[in-house]
Amino acid sequence: MDKLVIQGGHPLSGDIYVSGAKNSVVAILPATLLLDVPVILENVPDISDVKICLSILESLGAEIDKLSEGVYRISCLYVREHEVPEELAQKMRASYYFLGALLGRCGKAKAAMPGGCYLGERPIDQHLLAFEALGADFHLIEYKNETDGEGYVGAVELSADHLYANHISLNVVSVGATMNAILSAVKADGTTTIENCAREPHIVDLANFLNYMGAHISGAGTHKITIEGVRELRGNAMDGSVEVKTYSIVPDQIEAGTFMIAAAATRGDVYIHGVIPHHLRDIADRMEECGVMVEAIENEDIVHVCVNKGTMFHGTNVKTEPYPGFPTDMQPQMAVLLALSEGQSNITESVWEDRFKYVGELKRMGANIDLTRDGAIIWGVPGLHGANVRACDLRAGAAVVIAGLAAEGTTEITDIHHIERGYSHIVEKLRSIGADIRRISM
Ligand code: EPZ
C-alpha cells in the first residue's frame with residue numbers, strides 16, 4: 001500500500017497536460033464489442049479502470065495490442081463469451097456498460113452488480129428500463145461470493161431473442177442509463193428514441209465513436225437521442241478504405257477541472273493543455289465568482305488559471321447538476337477552494353446522497369465545514385495545514401491532494417488506489433508544474 005507525501009505551500013506554475021476522459025473510455029472500450037472490424041483507440045488514459053476494462057475484454061475473447069503509450073488496437077471479432085468475470089465486474093462502476101454492449105452484440109449478457117465509489121445508493125433501474133424497452137428480459141440473481149467467499153453477490157442477467165427499436169423515456173437524468181441505452185439500441189431493428197438523456201461530454205464522445213464506425217446516432221448532447229439501428233459497424237467499409245480506423249478519446253473534463261482548482265488554490269499560474277474549453281465553462285464561472293482569473297485561450301485547447309499572490313478569494317454558492325451544470329465530480333475539489341475563500345459558501349449536492357466523505361479529512365487540515373441535510377456550509381479560513389489524511393473515494397482523493405498542495409507543511413495521503421482509478425500519472429503531472437509531491441511505498 002503506497003501513500004502520497006506532499007510538502008505544501010508552493011504555487012503551481014507552468015504547463016500541464018490532460019489525458020483522455022475516464023468516463024468516456026470506460027464506455028467506449030465495451031462499445032468495441034459492437035464492432036465488426038478492429039479499431040485503434042488513442043488518448044486512452046493510464047488508469048486502473050482502463051486496465052480492468054481491458055482485462056474484461058480479454059476475458060471475453062477480444063484481442064488487444066498496446067501499440068504505444070495510450071494507444072491500443074482492439075479486435076472483438078472472435079469474442080464468444082457473454083459473462084463478465086465477477087472479480088473484475090466488482091472492481092468498478094462502469095462494468096455495467098458491458099451489459100449494454102454484450103446485449104447489443106449477441107442478445108445476452110451477465111455481470112455482477114458494479115462496484116466503484118460508494119456515493120450512496122447507486123441503483124440501475126433506469127438501465128433495466130432501457131434494456132426491457134428494447135425487448136430484453138432481465139433477471140437479478142444472487143449467489144455466494146466466489147471471489148472472497150463472503151456474503152452474496154448480486155448480478156444481472158439479460159437475454160433477448162431479438163432487439164427491436166422503441167421509445168425509451170428515462171425517469172432520471174442518468175449518464176450510465178443513457179450510455180447503456182445507446183449501446184443496446186445501436187444495432188436494434190428500427191429507430192429508437194431516448195428521452196430525458198444526460199448530456200455529458202462523454203455521452204457525445206460515445207455517440208461520435210459509434211457514428212465514426214458506421215452507426216446512425218443523432219442528438220447526443222441534447223435531452224433527446226435518436227438511433228437508427230444498423231446491422232453492422234464496419235467503419236472502414238464506409239469509405240472503401242481498408243486500414244483500421246483510429247479514434248481519439250475526448251479530453252477529461254474532470255481532470256482538467258481538478259488541475260484548474262489546484263492552480264487556483266496554490267495561487268499559481270498554470271496553462272492546462274489538451275482541453276475542450278466549453279466543457280469547463282461552469283467550472284470556470286464558479287471559480288471566477290471566487291476571484292480566480294480563468295482564461296480560455298481562443299481557438300486553442302488551453303485554459304489558463306492565474307492567481308496573484310495575496311489574492312483574497314471570496315466565497316460563492318455551488319449546486320451540482322447534470323451537464324452543462326456544475327459537475328458533481330468536481331464538488332469535492334471545489335470545496336477546497338471554498339474552504340480558502342473568505343465568507344460563507346454553500347454547497348448543494350443534487351446528484352449523490354453521500355458525496356461528502358472528504359469533509360472530515362479537510363477539517364483535519366483546518367477547514368471549517370459543517371454538513372447540512374443536502375450539502376455543506378463552508379466558512380473560509382486564511383489557510384490550511386498539513387495532516388495525515390486518506391482518499392475516501394476518487395474525487396475525495398483529488399480534494400485532499402489539492403488541499404495538501406495548498407496547505408502549509410506536510411500532508412500524507414493513504415488509500416491512494418482510489419485516486420489512481422481516475423487520474424493517470426498524477427504525481428508526475430503535478431511535479432511538472434512545481435508540486436513537491438512524492439509516492440512512497442509503505
Ligand atoms: C456517472 O455515474 C459517472 N461514472 C460518475 O462519476 C458521475 O458522478 C455520474 O455519472 C454523474 O455525472 C461513470 O461515468 C463511470 P448516473 P453513473 O446514472 O452513471 C440516479 C467519477 O467520479 N440513478 O448519472 O452511475 C443515481 O442514483 C464518478 O468519475 C437512478 O436513480 O451516474 C444518481 O442519483 C463518480 N437509477 C443519478 O441518477 C439508475 O438506474 C445520476 O446517476 C441510474 C442512476
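Ligands are counted one by one from 1 in listed order, and the atoms in each one are counted from 1 as well. All residue numbers refer to positions in the sequence shown, counting from 1.
Aromatic rings of F138 and F131 (six-membered ring for Trp) have centroids beyond the 6.0 Å cut-off, not under it.
Remark: ligand 1 atoms within the under-4.0 Å shell around heavy atoms of V351 are 33 (C), 34 (O), 41 (C). Ligand-side atoms of ligand 1 in range of Y96: 17 (P), 19 (O), 25 (O), range being under 4.0 angstrom from any heavy atom. With ligand atoms numbered from 1 in the order given, ligand 1 contributes 40 (O) to contacts under 4.0 Å with heavy atoms of H127. Using a 4.0 Å cut-off to heavy atoms of R355, the atoms of ligand 1 that qualify are 8 (O), 22 (O), 35 (C). Those atoms of ligand 1 that come under 4.0 Å of a heavy atom in K22, given as number and element, are 21 (C), 29 (O). Residue Q126 approaches ligand 1 through these ligand atoms, each under 4.0 Å from one of its heavy atoms: 36 (N), 39 (C), 40 (O). Taking every heavy atom of R395 and a limit of under 4.0 angstrom, the matching atoms of ligand 1 come to 21 (C), 22 (O), 29 (O).
Contacts with ligand 1 closer than 4.0 Å are made by heavy atoms of both the backbone and the side chain of S174. When heavy-atom distances to ligand 1 are checked against a 4.0 Å cut-off, D329 comes that close only through its side chain, counted from C-beta outward. By the criterion of a heavy-atom distance under 4.0 Å, the side chain of W352, and not its backbone, is placed next to ligand 1.
Considering each of P123, A94, G422, the one bringing a non-hydrogen atom nearest atom 23 (N) of ligand 1 is P123.
Relative to the six-membered ring of Y212, K245 meets both conditions, a distance below 6.0 Å and an angle of at most 45° to the axis.
In the model, D301 has no side-chain atom that pairs as donor or acceptor with a side-chain atom of Y17 under 3.5 Å.
A salt bridge is defined here as a Lys NZ or Arg NE, NH1 or NH2 lying under 4.0 Å from an Asp or Glu carboxylate O, and R431 with E428 fails to meet this definition.
Between T328 and ligand 1, no pair of N/O atoms sits closer than 3.5 Å. By the 3.5 Å distance cut-off applied to N or O atoms, G176 is counted among the residues near ligand 1. For the pair V26 and ligand 1, the shortest N or O to N or O distance does not fall below 3.5 Å.
The aromatic rings of Y271 and H304 sit parallel to each other, their planes meeting at less than 30°, with 60° as the upper class boundary.
Pairs of residues two or more places apart, or lying in two chains, that qualify as side chain to side chain donor-acceptor pair (under 3.5 Å) and include a residue from residues 37-53 are D46-K51, D46-H425, D49-R421.
Every residue meeting the side-chain hydrogen bond (donor to acceptor under 3.5 Å, both in side chains) condition with D189, not counting sequence neighbours, appears here in chain and number order: H162.
Side chains of L206 and H202 form no contact here, defined as non-hydrogen atoms less than 4.5 Å apart.
Using modelled atom types, one side-chain atom of E349 and one backbone atom of V351 make a donor-acceptor pair closer than 3.5 Å.
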